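First comes the structure, then the notes that go with it.
Nothing fancy with the numbering, it's 1 onward along the sequence. Remember, predicted model here, so these are calculated numbers, not experimental data.
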Amino acid sequence: MKIGILTSGGDCPGLNAVIRGAVLKGIAVHGHEFVGFLDGWRGVVEGDIIDIPRMLVRGIAKQGGTILGTSRTNPFENGGGPEVIKAHMDRLGIDAIIAIGGEGTLAAAKRLTDAGLKIVGVPKTVDNDLDATDYTFGFDTAVQIATEAIDRLRTTGESHHRCMIVEVMGRHVGWIALHAGMAAGAHAILIPEQRVSIEQITQWVKEAHARGRAPLVVVAEGFVPEHMESPHSERGLDTFGRPRLGGIADQLTPELEARTGLETRATILGHIQRGGVPSAFDRVLATRLGMAAIDSVVEGYWGTMVALKGTEIGQVGFEQALGKLKTVPQNRYDEAAVLFG
């Protein structure tokens, strides 16, 4: 069997480990042949591929990014669609596709599967927001990167007696903010799942300052304060029609400075959280997911995504994987909030 692999959407640490796990098991156990679609769905729509022999994946598990390149191409636009993709697959002799990506990628994969293409999905998102899997690779690394950055910002904040606001990724969920904020000892953690007033945030900052601390606030990019109706977004929509979030820290900074009288600085970590080498946890999880994806291909589980439940990996249908976001539950936020102020 000849299998095409693609990585689509935002890059994240662990993508290369998935490719390596799938290729090594596919070749060693089943004798499959592999090709890679370049730059995500663009390569699928245009039939742009490279061969992936065993030598190509040697030692790549520890590399960040993706050897195949990625993009946010919508496979149903700009001359795409299932008929075009099927024609490319037939011409190139490709029997099936392993699509590695997040919500947008898997939603596109579901539409193509419904149209008759043979596709298996692997969940990828630093946001950890797919409800059908307990963890997604890339999340652990993003949290570690954010935590290290916040630790550094804390020391400069304490040196200058400033309030520091750190904005992290997460889109419409607060998992990165929650984990990184707890790990770094934040005095307030602001996430999309919790509407909090400026007055409450101000109180937490003042309480921390009164104890002689330099207040540290960690905010998720999708956080919506009580006085706002939707997440801050000034960069329009992506190719899948979703708002590009970011900049809420800059919105909060002058407001908190005016209310507290403290010099307040904002830092937006942004894409730094996606870069660099994956953590050991993410390398192992990504490798296991890649190997499990080959099992799904062999068994013909088209239209499914491999998913981690506890310590075991199984398959779930795309419709279940895309049913709802995995949000931070109230009890997780409540235990963190004990530490605020």
Side-chain angles (χ1 to χ4, degrees), residues 9-15 64-66 70 72 102 124-129 135-160 162-194 196 201 204-205 208 214-225 231-235 238 242-257 263-279 281-282 328 333 336 340:
D11 68 301
C12 83
L15 285 168
T66 165
T70 187
R72 296 190 184 277
K124 176 278 316 172
T125 168
V126 296
D127 305 327
N128 198 40
D129 61 355
Y135 280 96
T136 51
F137 68 88
F139 171 68
D140 184 74
T141 305
V143 168
Q144 185 62 38
I145 292 170
T147 301
E148 291 175 359
I150 295 167
D151 287 344
R152 287 170 170 77
L153 290 168
R154 176 189 286 282
T155 61
T156 189
E158 290 176 342
S159 297
H160 293 271
R162 291 171 176 155
C163 173
M164 305 297 286
I165 303 177
V166 185
E167 181 179 314
V168 300
M169 286 181 168
R171 290 196 60 77
H172 298 292
V173 302
W175 288 109
I176 294 178
L178 182 76
H179 281 235
M182 287 188 72
H187 299 110
I189 299 173
L190 311 176
I191 62 175
E193 295 86 343
Q194 299 287 330
V196 180
I201 302 169
W204 284 328
V205 168
L216 172 64
V217 178
V218 175
V219 57
E221 63 184 359
F223 170 65
V224 184
H232 181 69
S233 174
E234 58 187 9
R235 295 178 296 157
D238 65 17
R242 302 173 304 179
R244 291 187 171 98
L245 305 181
I248 184 61
D250 288 331
Q251 299 292 307
L252 293 174
T253 296
E255 187 75 26
L256 285 178
E257 184 166 290
E263 183 181 2
T264 304
R265 297 291 180 88
T267 298
I268 300 174
L269 296 185
H271 289 86
I272 234 175
Q273 295 158 90
R274 292 190 182 278
V277 300
S279 66
F281 179 91
D282 279 340
V328 175
Y333 186 77
F340 294 174

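K124 pairs with exactly one of L15, T70, T136 by the side chain to side chain contact (heavy atoms under 4.5 Å, CB included) rule, that one being L15.
Across all their heavy atoms, P192 and F223 have their closest contact at CG-N, 3.9 Å. The two residues L245 and E221 come nearest to each other via the heavy atoms O-OE1, 3.9 Å. In terms of heavy atoms, T141 sits closest to V277 at CG2-O, 3.5 Å. I150 and A180 make their closest contact through CD1-CB, 4.1 Å (heavy atoms, listed as atom of the first residue, atom of the second, distance). When all heavy atoms of A220 and I248 are compared, the pair lying nearest together is O-CG2, 3.6 Å. Smallest separation of non-hydrogen atoms from V219 and A249: CG1-CB, 4.1 Å.
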Subject >> Derivation of the side chain to side chain contact (heavy atoms under 4.5 Å, CB included) call for M182 and I189 >> reply: CA-CA 8 Å; M182 287 188 72; I189 299 173; 4.1 Å; yes

Subject >> Chi angles and distances behind the ring pair (Phe, Tyr, Trp, His ring centres under 6.0 Å) call for F139, F281 >> reply: CA-CA 10 Å; F139 171 68; F281 179 91; 8.9 Å; no

**OP:** Report the C-alpha separation of D127 and M169 in whole Å, then their side-chain angles, then the decisive distance to 0.1 Å, and conclude whether the side chain to side chain contact (heavy atoms under 4.5 Å, CB included) test is met.
**Re:** CA-CA 7 Å; D127 305 327; M169 286 181 168; 4.3 Å; yes

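Taking 4.5 Å as the limit, every side-chain heavy atom of V205 sits out of range of all side-chain heavy atoms of H187. Between R265 and H160 the shortest side-chain heavy-atom distance does not fall below 4.5 Å. You'll find the side chain of V217 stays beyond 4.5 Å of the side chain of L252, heavy atoms only. Between I191 and W175 there is no side-chain heavy-atom pair separated by less than 4.5 Å. By the 4.5 Å heavy-atom criterion applied to side chains, C12 and F137 are counted as neighbours. Residues V173 and N128 form no side-chain contact, since every pair of their non-hydrogen atoms from C-beta on lies 4.5 Å or further apart. Residues D250 and E167 are not in side-chain contact: their nearest non-hydrogen atoms beyond the backbone lie 4.5 Å or more apart. In this structure, V126 and Q273 have side chains that are not in contact, with every pair of non-hydrogen atoms separated by 4.5 Å or more.
Interatomic distance, T264 OG1 to E257 CD, rounded to the nearest 0.5 Å: 5.0 Å. Within the model, atoms CG of D282 and CG of D140 stand 5.0 Å from one another, a figure rounded to the nearest 0.5 Å. Taken to the nearest 0.5 Å, the CG atom of L178 stands 9.0 Å off from the OH atom of Y333. For the atom pair OG1 of T155 and CE of M164, the computed distance is 8.5 Å after rounding to the nearest 0.5 Å. Interatomic distance, I272 CD1 to R274 CZ, rounded to the nearest 0.5 Å: 13.0 Å. R154 CZ to R162 CZ: the interatomic distance, rounded to the nearest 0.5 Å, is 15.5 Å.
Within a 6.0 Å sphere centred on CD1 of I268, other residues, nucleotides and ligands contribute more than 12 heavy atoms.
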